[in-house]
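Just so it is clear, the model here is predicted, and its values are computed rather than measured. Chain naming here is simple, since letters A, B, ... match the order of the sequence lines and numbering starts at 1 in each.
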There are 2 protein chains.
Amino acid sequence: MASITRAALAVITSKGYDGLTMAALAGTLGVAQSALYNHVASKQDVLLLVEDHLISRVDVSRFGSDTWEEAVGTWAWSYRNVFANHTPLIPVIAVLPVAGAPRTLAMYEAVSKGFLDAGFPPERIVSAIVALESFIFGSAYDASAPADIFNVGSMTGSTPHFRAVVRAQDLMHAGRPADAAFGAGLEALINGLRIQQ
Amino acid sequence: MASITRAALAVITSKGYDGLTMAALAGTLGVAQSALYNHVASKQDVLLLVEDHLISRVDVSRFGSDTWEEAVGTWAWSYRNVFANHTPLIPVIAVLPVAGAPRTLAMYEAVSKGFLDAGFPPERIVSAIVALESFIFGSAYDASAPADIFNVGSMTGSTPHFRAVVRAQDLMHAGRPADAAFGAGLEALINGLRIQQ
DNA sequence: ACCTGAACACCGTTCAAGT
DNA sequence: ACCTGAACACCGTTCAAGT
């Protein structure tokens with residue numbers, strides 16, 4: 001049987017995650033649905049395969065060449081951008097034991113080495129990476145949200161301050177709001193973690 | 001029919017989100033499953049009702065009395081703790097148009113006013129709140145993850161740096177790792193955002 | 001306006017039977 | 001070792017018929 005991972009990505013690309021069913025996956029591979037269970041134990045296993053494949057698109061190459069701040073920035077932006085198009089995987093990866101995902105583990109190894117080389121205290125590195133990752137996952141959701149999410153509709157009267165800050169941001173129209181929020185948060189987090197160190 | 005929101009919360013408490021089916025919800029209310037559709041358009045509507053109810057448990061009371069840093073801290077901790085037990089709602093809320101959720105909108109109003117009163121530039125407030133919220137949602141997932149998520153299992157040989165930082169953190173055993181990561185990230189984010197301002 | 005009962009179009013998973 | 005075909009136990013949603 002051809003690669004289940006490849007077939008799953010093809011289905012996701014053409015039909016989205018709602019269209020990623022075991023039946024559609026089997027159809028793409030040209031086999032009966034039940035045949036899939038000779039290669040994976042469950043649909044959750046399929047999502048895990050996809051997750052561990054996508055992780056290899058995350059850019060950890062700057063650790064060791066750029067400064068720590070720049071390397072973290074490149075890593076975080078690429079990580080968010082990859083999963084913004086795959087938000088249904090976030091519940092999977094956020095709770096994923098690393099033991100079953102070799103490429104995910106390799107990413108943590110590269111990032112950990114980058115933090116150690118930058119002089120971070122070892123006992124604070126896991127917390128720092130987890131904090132950055134939490135921010136990245138939440139931001140991936142935000143990047144996938146509709147643009148008019150903060151439209152208050154008819155209930156405008158009772159929320160003057162909220163309306164004012166939404167309008168103040170709109171007037172700047174400096175690119176996509178989700179990108180502005182991610183950029184501001186990432187800079188704050190990087191600077192804040194650097195200071196704690 | 002008694003409150004759908006109350007009944008949904010009862011089902012979630014006793015059977016979890018996997019057990020929250022339209023059949024179980026109807027059973028708790030003592031009506032036929034199809035009767036639910038006279039009150040909600042879909043199961044997504046039920047999740048929305050639950051989300052907007054839970055938001056009222058988030059503590060925004062410190063804005064206006066405590067310092068900005070302390071008020072944001074109280075808000076963020078309570079927000080994360082509420083949704084750590086309701087992670088299936090995160091995809092709902094993260095992409096939710098505020099127009100349909102009055103209590104969620106009221107929370108944004110209170111937080112926006114807090115930021116304005118603290119002297120934040122209006123055009124940066126939406127980004128700051130979205131960044132904090134993204135961190136909070138991602139951290140809620142992390143808080144719900146199994147404790148041994150970073151156990152590398154059998155692939156120990158190829159990840160010396162990652163193993164070293166996980167061990168360094170374990171040796172401190174300073175409370176729950178998820179709480180340490182959230183505390184460190186939140187402090188970094190608050191300080192970093194304050195400086196940008 | 002709100003309810004019931006039955007049906008519909010799915011879904012992931014299992015398993016006996018084959019090769 | 002890997003496949004097929006059929007079945008199973010669900011799931012959310014619809015709709016004619018009632019009150």
According to salt bridge (Lys or Arg N to Asp or Glu O under 4.0 Å), who are the partners of [X], at least two apart in sequence or on a separate chain?
X: B:Lys113; value: B:Asp117
X: B:Asp45; value: none
X: A:Arg6; value: none

- Query: B:Ser34 has a side chain; which of D:dT4, D:dC3, D:dT14 sits nearest to it?
  - Reply: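 Between D:dT4, D:dC3, D:dT14, the one nearest the side chain of B:Ser34 would be D:dT14.
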- Query: How is the base pairing of DNA chain C summarised as a dot-bracket string, given the Watson-Crick and G-U wobble criteria with both distances under 3.5 Å, [ ] for crossing and | for another strand?
  - Reply: ||.|||||...|||||.||
- B:Phe83: what forms a ring-ring contact (aromatic ring centres under 6.0 Å, His included) with it, not counting sequence neighbours?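 Listed in chain order: B:Tyr79.
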- Task: Using the test ring-ring contact (aromatic ring centres under 6.0 Å, His included), find all partners of B:Trp77 that sit at least two apart in sequence or belong to another chain.
- Result: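 B:Trp77 satisfies ring-ring contact (aromatic ring centres under 6.0 Å, His included) with B:Phe182 only.
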Can you give me every donor-acceptor pair (side chain of residues 174-181 of chain A, partner residue at least two apart or in another chain, under 3.5 Å) with its distance?
| unit_1 | atom_1 | unit_2 | atom_2 | d |
| --- | --- | --- | --- | --- |
| A:Arg176 | NH2 | A:Ala143 | O | 3.1 |
| A:Asp179 | OD1 | A:Arg80 | NH1 | 3.4 |
| A:Asp179 | OD1 | A:Arg80 | NH2 | 2.7 |

- Query: Are the side chain of B:Arg103 and the backbone of B:Asp52 linked by a donor-acceptor contact shorter than 3.5 Å?
  - Reply: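 Yes.
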Using whole Å, report how far [atom1] of [X] lies from [atom2] of [N].
X: B:Leu29; N: C:dT4; atom1: CG; atom2: P; result: 11 Å
X: B:His39; N: C:dC3; atom1: NE2; atom2: C1'; result: 9 Å
X: A:Leu36; N: C:dT13; atom1: CG; atom2: P; result: 10 Å
X: B:Asn38; N: C:dG5; atom1: CG; atom2: P; result: 14 Å

- Item | side-chain hydrogen bond (donor to acceptor under 3.5 Å, both in side chains) partners for B:Glu123, two or more places apart | none
Below 3.5 Å is the cut-off: list the nitrogen or oxygen pairs between protein and nucleotides 10-12 of chain D, distance only.
| unit_1 | atom_1 | unit_2 | atom_2 | d |
| --- | --- | --- | --- | --- |
| D:dG12 | OP1 | B:Lys43 | NZ | 3.1 |
| D:dG12 | OP2 | B:Met22 | N | 3.1 |

